[in-house]
**Q** 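Dumping the structure here so I can ask a few things about it.
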Amino acid sequence: MDSLPPAVIMVVAAVLVALTPAGIVRKVIAVGAPLLVLAQLIWALDDGNSWTLTWLSFDLEPLRADGLSMVFGYVFAIAAVLSGIYAWHLNERYQQAAALAYGGTSLGVVFAGDLLTLVLFWELMAFTSAYLVWAGGFPGSRGAGMRYLYVHLVGGSVLLAGVLWHLGTGGSLDFTLFEGTIASWLILGGFAINAAVVPMHAWLSDAYPEAGIAGSVFLSAFTTKTAVYVMARGFAGWEILIALGVIMALYGVVYAVLENDIRRLLAYHIISQVGYMVAGVGIGTEIAINGAVSHAFAHVIYKGLLFMGAGAAIYATGRRTLTALGGIGDRMRLVVVLYMVGAFAISAFPLFSGFVTKSLMVYAAEQEHLYWVVASLYLASVGTFLHTGLKLPYFTWFGPRRDDIRVGPVPRSMLVAMFLAAALCIGIGVYPDALYNLLPFPVHYEPYTADHVVRTLQLLGFTAVGFWLLRGKLGGEATITLDTDWFYRKAGTPLRVLLQEPLEAVFTGAQRGVDWTTRTATQLVRTPASGWPAILGRSRYAQGVDAETTMRRLGRPPLGLALAGIVVVFGLFVLLAELT
C-alpha cells in the first residue's frame with residue numbers, strides 16, 4: 001500500500017459505490033475509503049515516497065510524496081471523511097460515487113509528479129465536480145453545472161496548451177517551479193481559473209449554491225485548494241500573484257456583504273480567503289508558503305463546517321435566502337453553536353484555527369515590508385467577520401421568532417460531521433503546533449503574543465459594534481448581484497448566432513453532401529437503372545418527397561454495398577486530392 005497512489009483507492013471506491021445497491025455497505029465505503037487514505041498517509045507514506053511508470057516513452061510519476069503534497073493530502077482525506085459522514089443520510093449512488101471520485105482526482109493532482117498526470121487528473125476533477133452541481137436538484141442546477149463545466153474545460157484546455165508548449169520547447173515533464181515563459185503563463189492561466197482569481201471567478205459563486213446540500217460541502221474543499229497547491233508548487237515567488245491575491249481578498253468580501261443567498265455568500269467568501277493564499281504564494285518566502293498552506297488546511301475544515309451549517313438550515317426549512325429565514329435559532333440551537341465555531345475560526349478569533357493560520361500569512365507580508373498587503377488583508381478580515389460571523393448567522397437564525405417557518409429535524413450524521421469539524425477548528429487554534437509541524441518548512445512563529453491577541457480582539461470588537469449599529473442596513477435584499485459571469489451568460493446568444501450556427505450550417509451541409517453522394521453511389525452500385533433517374537430528379541419516388549423518404553421507398557442497400565460505396569467515394573476524394 002506504500003506505493004499505491006491515494007487517488008487509486010478513492011477511484012476504486014467510487015466504482016464500488018456506483019455498483020453497490022442502496023444500503024449500509026455503500027455508506028461505509030463512502031466514509032471508509034477516505035479513512036483508508038488517511039491511514040495510508042499517516043503510516044505508509046512519508047516524504048520521499050514515489051511511484052513511477054513508463055507510458056509511450058514518457059516517464060510518469062503518479063505518486064510523489066513530499067512536505068508540500070503530504071499536508072494537502074492530509075486535509076483532503078480529512079475533508080472527504082467529514083463530507084462522507086455529513087452525506088451519510090443520502091441514498092443517491094451516483095452522487096456519492098462522483099463525490100468520492102472528485103476527492104480521488106483532487107488527490108491525484110496533489111500527488112502528481114509530472115505534468116501529464118497532472119493534466120489527466122485536472123480534467124477528471126472538472127467532470128466529477130460538475131456532476132455534483134448537476135445533481136443539486138435546484139431549478140438552476142443544470143444550467144449552473146453546464147456553465148461550470150464549460151469554464152473548467154476552457155481552463156483545462158489552456159493548461160494543456162501550456163504543458164504542450166512547455167514540452168515542445170524542450171521543457172521537462174517534471175512538475176517543478178516554472179520560469180517566465182509563454183508556456184508558463186498559459187499554465188498559470190489554467191491554474192488561475194480553478195483558483196477563482198478575479199475576474200475568472202464567477203463560476204464559483206454561480207455553481208456552488210446550486211449543488212446539493214452535501215455536494216456543496218465537497219465542492220468547498222477541493223477545487224480551489226488544489227489550485228493553491230499547484231501554484232505553490234509551480235509559481236512561488238511570482239509577484240503578480242500578490243496583487244491578484246489582495247484583489248481577491250477584497251473583492252470576495254464586498255460581494256459577500258451584498259449577497260442574499262446564504263451559500264452564495266459563503267461561496268464569495270471562498271474567493272476572499274483563497275486570495276490570502278494566492279498572495280502568500282506570490283510572496284514566495286518559506287514563511288509565506290507555510291502561511292498559504294496552513295491557511296488552506298484550516299480553510300478546508302472551517303469552510304466545510306460553514307457550508308454544513310448553511311446546508312442544515314436549508315435542509316430543515318427548505319429556504320436558502322436571508323430574506324426568507326430568521327427567527328429559528330431556538331429550534332436549531334446545536335446547529336447555530338457549531339456554525340459559530342466555524343464563524344469564529346474564519347474570523348480569526350483567538351483559540352480558533354483561523355487565528356493561527358491567517359496571522360502567519362500576515363506576518364509573512366510584514367517580514368517583507370509589504371505594508372499595503374498587510375493593511376488590505378486586515379480590511380478583508382473585517383469584512384469576513386462582518387458577513388460570515390455576524391450577518392449570515394444573525395439573519396438566518398436570530399431575530400423575532402417566525403412561526404411561519406417550519407423547521408424539520410436535521411439528520412444526526414450531519415450534526416456528527418459538524419461536531420468533528422468544530423473540534424478540529426478548536427484543536428488547531430488551541431494547539432497550533434499540531435498543524436505547524438506538518439508544514440513544508442520549519443515554523444518559527446508564535447501567534448499568541450499579547451500585542452497580537454489584543455489587536456485582533458479590538459478589530460473584531462469594533463466590527464461587531466459597527467454591525468449592531470448598522471444591522472438595519474445590512475440585511476439581505478432579494479436582488480440579483482451583477483458579476484463577471486454576465487459576460488459569458490449574455491455572450492451565449494451572439495456567439496451562437498455568429499459562430500455556432502454558421503459552423504453548424506457548414507458541417508451540416510457537408511454532411512448532407514456526403515450522405516447524398518454516398519446514397520447515390522450506393523444506389524448506382526446496387527441498381528444502376530433506377531439510380532440515374534434518382535440522380536437526375538426524374539424518379540417518380542423523388543417527386544415531392546425528401547431524399548430520405550425516396551431512399552426508404554427504393555429500399556436501403558445491404559451493409560456491404562453501403563460500405564463499398566463509402567470506400568468508392570473516399571477513394572475519389574483521395575484521387576482528386578492527389579491530382580490537385
**Q** Which residues pass the salt bridge (charged side-chain N to carboxylate O under 4.0 Å, His left out) test with E210, not counting sequence neighbours?
**A**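 By the salt bridge (charged side-chain N to carboxylate O under 4.0 Å, His left out) rule, E210 matches R264, R320.
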**Q** Pairs in or reaching into residues 318-344: which pass ring pair (Phe, Tyr, Trp, His ring centres under 6.0 Å), with residues at least two apart or in two chains?
**A**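 The answer is Y339-W397, F344-F349, F344-F352.
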**Q** Indicate the atoms forming the closest heavy-atom contact of L322 with L265, along with that distance.
**A** CD1-CD1, 4.5 Å
**Q** Is it possible for you to check whether K358 lies under 6.0 Å from the centre of the six-membered ring of Y276, through NZ or CZ, and within 45° of that ring's axis?
**A** yes
**Q** Tell me, please, which residues at least two apart from R233 pass salt bridge (charged side-chain N to carboxylate O under 4.0 Å, His left out).
**A** D66
**Q** Please report the shortest heavy-atom distance between F178 and F235, naming the atom on each side.
**A**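 Smallest interatomic distance, heavy atoms only, reads CD1-CZ, 3.6 Å.
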**Q** Return each pair, listed once, that meets side chain to side chain donor-acceptor pair (under 3.5 Å) where at least one residue sits in residues 112-123; pairs must be two or more places apart or across chains.
**A**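 Side chain to side chain donor-acceptor pair (under 3.5 Å) check on residues 112-123 returns D114-T117.
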**Q** Which heavy atom of M125 sits nearest a heavy atom of T128, and at what distance?
**A** O-OG1, 3.1 Å
**Q** Compute the centroid of each ring, for W185 and then for W165, and state whether the two points are separated by less than 6.0 Å.
**A** no
**Q** Would you say the ring centers of Y102 and F218 fall short of 6.0 Å from each other?
**A** no
**Q** Can a donor-acceptor pair be found between the side chains of H269 and K303 at a distance below 3.5 Å?
**A** yes
**Q** My understanding is that only residues two or more places apart in sequence, or in another chain, count here; which of them pass side chain to side chain donor-acceptor pair (under 3.5 Å) with H152?
**A**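 Once residues adjacent in sequence are excluded, the partners of H152 under the side chain to side chain donor-acceptor pair (under 3.5 Å) criterion are N194.
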**Q** Say whether D261 and Y268, considering side chains only, have a donor N or O and an acceptor N or O under 3.5 Å apart.
**A** no
**Q** Which atoms form the tightest heavy-atom contact between I346 and T388, and what is the distance?
**A**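 Closest approach of I346 to T388, heavy atoms only: CG2-CG2, 3.8 Å.
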**Q** List in chain and number order the residues that pass salt bridge (charged side-chain N to carboxylate O under 4.0 Å, His left out) with R402, two or more places apart in sequence or in another chain; answer none if no residue qualifies.
**A** D404
